[in-house]
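Since the model is a prediction, treat every value here as computed from it, not as a measurement.
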Amino acid sequence: QVQLVESGGGLVQAGGSLRLSCAASGSSFSINIMTWYRQAPGKQRELVAKISSGGSTNYADSVKGRFTISRDNAKNMMYLQMNSLKPEDTAVYYCNAVHWSSDYWGQGTQVTVSS
């Protein structure tokens with residue numbers, strides 16, 4: 001029983017930065033993996049970055065060196081710092097959490113990067 005709420009999306013110019021947040025509430029203890037996904041209209045949802053409770057991370061090749069995922073277990077928060085944004089980063093970004101073998105999703109936040 002986890003609720004996830006994303007925030008921080010918006011419109012930014014190419015080369016700019018944006019920081020997304022995902023707040024987890026409810027029975028949010030023992031969340032193992034937290035992941036950022038994104039999906040543009042007509043495209044497949046893709047993994048952007050993930051982070052384990054121990055802090056290990058994994059990134060899509062397209063965002064390596066530009067995006068940084070982090071989490072604050074004490075605050076039940078996950079973040080995605082996005083730098084050097086490109087128009088192809090435009091998508092709805094979703095946070096996902098695995099808690100006791102169940103998947104939970106946020107509603108998504110729109111990120112639009114203008115060229």
Side-chain angles (χ1 to χ4, degrees):
Q1 299 172 1
V2 176
Q3 296 81 47
L4 303 174
V5 179
E6 302 98 336
S7 62
L11 176 64
V12 64
Q13 293 183 355
S17 298
L18 210 58
R19 190 191 193 200
L20 305 183
S21 299
C22 177
S25 61
S27 299
S28 55
F29 61 89
S30 297
I31 295 177
N32 186 13
I33 302 294
M34 297 190 74
T35 306
W36 285 102
Y37 288 84
R38 68 185 182 187
Q39 186 170 25
K43 297 183 179 180
Q44 297 292 317
R45 183 174 296 187
E46 65 173 338
L47 185 149
V48 178
K50 65 179 179 181
I51 185 168
S52 72
S53 59
S56 64
T57 60
N58 187 50
Y59 297 90
D61 288 341
S62 60
V63 307
K64 285 182 178 178
R66 300 189 297 120
F67 291 9
T68 302
I69 189 171
S70 62
R71 66 190 290 176
D72 186 333
N73 292 330
K75 296 181 178 180
N76 295 318
M77 296 285 292
M78 179 176 67
Y79 308 95
L80 185 68
Q81 179 66 47
M82 305 184 294
N83 298 325
S84 301
L85 283 162
K86 305 174 181 179
E88 48 264 45
D89 295 318
T90 296
V92 177
Y93 285 70
Y94 300 89
C95 62
N96 168 272
V98 178
H99 177 64
W100 289 101
S101 301
S102 295
D103 272 329
Y104 297 89
W105 293 88
Q107 293 299 306
T109 185
Q110 176 70 50
V111 172
T112 302
V113 184
S114 62
S115 60

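Of all non-hydrogen atoms in M78 and I51, the two that sit nearest each other are SD-CG2, 4.2 Å. Taking all atoms of both residues into account, the shortest heavy-atom contact from Q110 to A91 is NE2-O, 3.4 Å. The shortest heavy-atom contact between S53 and I31 is CB-O, 3.7 Å. Among all heavy-atom pairs drawn from E6 and Q107, the shortest one is OE1-N, 2.9 Å. Closest heavy-atom contact between S84 and D89: O-OD2, 4.5 Å.
In this structure, the side chain of T109 engages the main chain of G9 through a donor-acceptor pair within 3.5 Å. Between the side chain of R38 and the backbone N or O of V92, no donor-acceptor pair lies under 3.5 Å. N96 places a side-chain N or O within 3.5 Å of a backbone atom of Y104 that can act as its donor or acceptor partner.
Figure legend: R71 and W36 shown without cation-pi pairing, the cationic atom not lying both under 6.0 angstrom from the six-membered ring centre and within 45 degrees of its axis.
Using a 4.5 Å cut-off between side-chain heavy atoms of Ile, Leu, Val, Met, Phe, Trp and Tyr, with links allowed through other members, I69 and V111 fall into the same hydrophobic cluster. Side-chain heavy atoms closer than 4.5 Å link hydrophobic residues (I, L, V, M, F, W, Y) into clusters, and following such links, even through other members, never connects V5 to Y93. Note: the hydrophobic cluster containing V98 does not contain L80 (ILVMFWY, side chain heavy atoms under 4.5 Å, direct or indirect links). There is no path of hydrophobic side-chain contacts, each under 4.5 Å, that joins I33 to L4. Y94 and L85 end up in different hydrophobic clusters when Ile, Leu, Val, Met, Phe, Trp and Tyr side chains are linked at under 4.5 Å.
Atoms OG and CD, from S62 and E46 in turn, are 5.0 Å apart once rounded to the nearest 0.5 Å.
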